[in-house]
Amino acid sequence: MSRSMPQPEYGIDPGELLAWFDTAERDLPWRRPEVTAWQILVSEFMLQQTPVNRVEPIWLDWIARWPTPSATAAASAADVLRAWGKLGYPRRAKRLHECAAVVAAEHGDVVPADVETLLGLPGVGTYTARAIACFAYRQRVPVVDTNVRRVVARVVHGVAETPARAGDLAEVAALLPEGLAAPRFSAALMELGAIVCTARNPRCGICPLSACRWKSAGYPPASTPARRVQRYAGTDRQVRGRLLDVLRAGTGPVTRAQLDVAWLTDTAQRDRALDSLLTDGLVEQTSTGLFALAGEGDDAGEGRAR
DNA sequence: ATCCGGAAAT
DNA sequence: ATTTCAGGAT
């Protein structure tokens, strides 16, 4: 195209990125070499929309208690929901429990390695399937999360952020180095987005990449007027959280009155939240009309005979 | 396009 | 008080 000047590459130099990662990589427990594919899967479920710092202690307890899919599947849903604690989005815990049952029963207690099969598992979507294929099985597949999307938007496209697009996977695939370096490259790209090329206050002064279109363009701010944020206080989500707090705190079924005190300001909202928890299968009603965490009355995982 | 937690940082 | 955080399901 342009013949006067050599066009700058503005890809992402694997050498620069990987050299930086060698020195800056965080020592996260699920990156240790002895960690199994299942345990990596557990970390990916927990990390969905949740910061690393909050996941770490819960993941450590979790894999010590339930190291395999079959061990997880043998636990009761109630025990799984209690172990999940206040990590948030408890439907993830239920999906993880369901995922464990599928892997144990249909895949010989071994996490599948191919993306297509992974995508069929409960709670495994576009990102998580490829993260497992890449980080657990060392495959050269594109792993696109919010960090990667942001880094590519800035370094390659010169804009502060871009919405998710259908072409994101192909674009990131084209950035991957050939051969065995791809998984580490993907981990490094995510790490760069997490600790240098961050959403709010990027630390461009310590960025290892010498070529960045966003830098060349003078760090233009986001053009789109910040999509409407999902609030939390006063929403059904908060009410659901309060109701689950009550059920997690106890050791068995509770009365409706015990649940009601969790949210007194809007009884219609409280009823709606409880309905949604029942619909999601996170809460169950006993034959005597009490409420309990799903599987609370079952003896699965309790080591008792029927 | 919406819903789904909760905590820490700013 | 707002923003952000290793997304998925509907």
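Throughout, a chain's letter reflects where its sequence line sits, starting with A, and its residues are numbered from 1.
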A:Arg272 CZ to B:dC4 C1', straight-line distance once rounded to whole Å: 14 Å
Electrostatic pair A:Glu56:A:Arg26 at N-O distance under 4.0 angstrom: no
Toward the 5' end of DNA chain C, by each residue's nearest nucleotide, A:Arg26 or A:Val124: A:Arg26
Residues in contact with DNA chain B, drawn from residues 125-154 of chain A - heavy-atom cutoff 4.0 Å: none
Under 3.5 Å, which donor-acceptor pairs do the side chains of residues 120-132 of chain A form with other protein atoms, sequence neighbours left out?
from	atom 1	to	atom 2	distance (Å)
A:Tyr127	OH	A:Glu44	OE1	2.8
A:Thr128	OG1	A:Gln48	NE2	3.1
A:Arg130	NH1	A:Thr126	O	3.1

Rounded distance in Å - CZ (A:Phe21) to C1' (C:dA6): 12 Å
Residue pair A:Tyr219 / A:Arg154, side-chain donor-acceptor N/O under 3.5 Å: no
Distance between P atoms of C:dA6 and B:dC4 (Å, rounded): 22 Å
CZ/A:Arg203: more than 12 non-hydrogen atoms of other groups inside 6.0 Å: no
In one Ile/Leu/Val/Met/Phe/Trp/Tyr side-chain cluster, 4.5 Å: A:Val80, A:Leu282: no
A:Asp280 CG to B:dT2 P, straight-line distance once rounded to whole Å: 19 Å
Whole-Å gap separating C1' (B:dT2) and CZ (A:Arg91): 10 Å
Donor + acceptor pair across side chains of A:Gln238, A:Thr235 (<3.5 Å): no
Mind listing the N/O atom pairs, protein and nucleotides 6-10 of chain B, below 3.5 Å?
from	atom 1	to	atom 2	distance (Å)
B:dG6	OP2	A:Tyr232	OH	3.0
B:dG6	N2	A:Arg54	NH1	3.1
B:dG6	N3	A:Arg54	NH1	3.0

Residues in salt bridge (Lys or Arg N to Asp or Glu O under 4.0 Å) contact with A:Glu98, at least two apart in sequence or another chain: A:Lys94
ring-ring contact (aromatic ring centres under 6.0 Å, His included) contacts in which one or both residues fall within residues 59-87 of chain A, not counting sequence neighbours: A:Trp30-A:Trp59, A:Trp62-A:Trp66, A:Trp62-A:Trp84
Distance, rounded to the nearest Å, where A:Leu47 contributes CG and C:dG7 contributes P: 8 Å
Value in whole Å for how far the P atom of C:dG7 lies from CG of A:Leu119: 16 Å
Distance, rounded to the nearest Å, where A:Trp59 contributes CH2 and C:dC5 contributes C1': 20 Å
Atom-pair distance (CZ on A:Arg184; C1' on C:dA6), nearest Å: 17 Å
Residues which pass salt bridge (Lys or Arg N to Asp or Glu O under 4.0 Å) with A:Arg256, listed by chain and number, not counting sequence neighbours: A:Asp260, A:Asp271
Sugar-phosphate, base or nothing in reach of A:Trp84, heavy atoms under 4.0 Å: nothing
P atoms of B:dG5 and C:dT10, separation to the nearest Å: 15 Å
